[in-house]
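To start, the structure under review is shown below, and the notes come after it.
We're numbering straight along the sequence, starting at 1. We use all heavy atoms of the structure for the numbers below, so side chains are in, but hydrogens, waters and symmetry mates are not. Whatever order the structure lists them in is the order used to number ligands and atoms, beginning at 1.
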Amino acid sequence: MTGSLRKPLVAGNWKMNGTSASLDEARKIAEGAQDFADVVDVMVCPPATLIARLDLRCAGTDLLLGGQDCHAEPAGAHTGDVSADMLVDAGASAVILGHSERRIDHKESSQSVADKVAAAHRVGLTAIVCVGETEIERKSGQANNVVGEQVRLSLPSTTTGQNVVIAYEPVWAIGTGMTPTTTDISEMHGVIRAMLADRFGEAAAAAMRILYGGSVKPANAAQLLRIDNVDGALVGGASLKAQDFLAILGIYGTRSVETVSVGA
Ligand code: PEP
């Protein structure tokens, strides 16, 4: 199955960036993305403080909103945390979970990610589950095993082809300007899909979107996002400016160009 049979998703991860001054930029993204609404789902994941205001500011457009994390519990004594239900209440339909910055900064294990994914599913959120190897792991030939294990352990039994999106994000490619080769991305996406098929069945694996993330920019988007088995992107830095984010979406304006199969 080629990526062209799954509707691609391009999601912007604003990380800890954005205040009310960013609302106009979000509106520009939402309006510009309307041109591509038939062929690609477009999402912005702002800080939790902005979700409700983006929801209002982008009303009447197809822009999807996501959170960047949620707690595994529905409510309670967890100062500073946000529950999945709160994200829904603010207007989100998805949540990024297991981003490498959280796995590193907050020492999140794949098991805790799986608990959060289950919490997201309980309230109907799509979980965008991030996996990816470090530079040392890639150089020592462990990338496939590390990522395979993250996929296996980060997904609960509630996972379906529709309620999870995988984002393959090599840690060394995030915010560095470096990207893997197209062959390496294609191979890893194949490894991930095979692991999904093994655990959840062929139909779920065929339906699930696998995004690439890590230094996606307007200049490399066409090359990276047309790889067979790549169903869109999780974009960090380049999602903060409407001009850059819309330029990345622009590659779907020429979607009739065949996806590129690279020999693995
Ligand atoms: C990310 O943080 O998910 C990401 C992919 O960042 P960047 O695009 O800036 O590398």
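A donor-acceptor pair under 3.5 Å is absent between the side-chain atoms of Ser186 and the main chain of Thr183, judged by distance alone. A side-chain donor-acceptor contact under 3.5 Å links His121 to the backbone of Asn163.
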Decide yes or no on side-chain contact (heavy atoms from CB on, under 4.5 Å) for Asp115 and Glu73, but give the supporting numbers first. CA-CA 9 Å; Asp115 293 341; Glu73 297 296 327; over 6 Å; no
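The 12-atom threshold is not exceeded at CD of Glu202, counting heavy atoms of other residues, nucleotides or ligands nearer than 6.0 Å.
Counting only N and O atoms by type, the side chains of Thr126 and Arg209 include no donor and acceptor under 3.5 Å apart.
Grouping the Ile, Leu, Val, Met, Phe, Trp and Tyr side chains by contacts below 4.5 angstrom, directly or via other members, places Leu224 with Val235.
Protein neighbours of ligand 1 below 4.0 Å, counting non-hydrogen atoms: Asn13, Lys15, His99, Glu169, Ala173, Ile174, Gly175, Gly213, Gly214, Ser215, Leu234, Val235, Gly236, Gly237.
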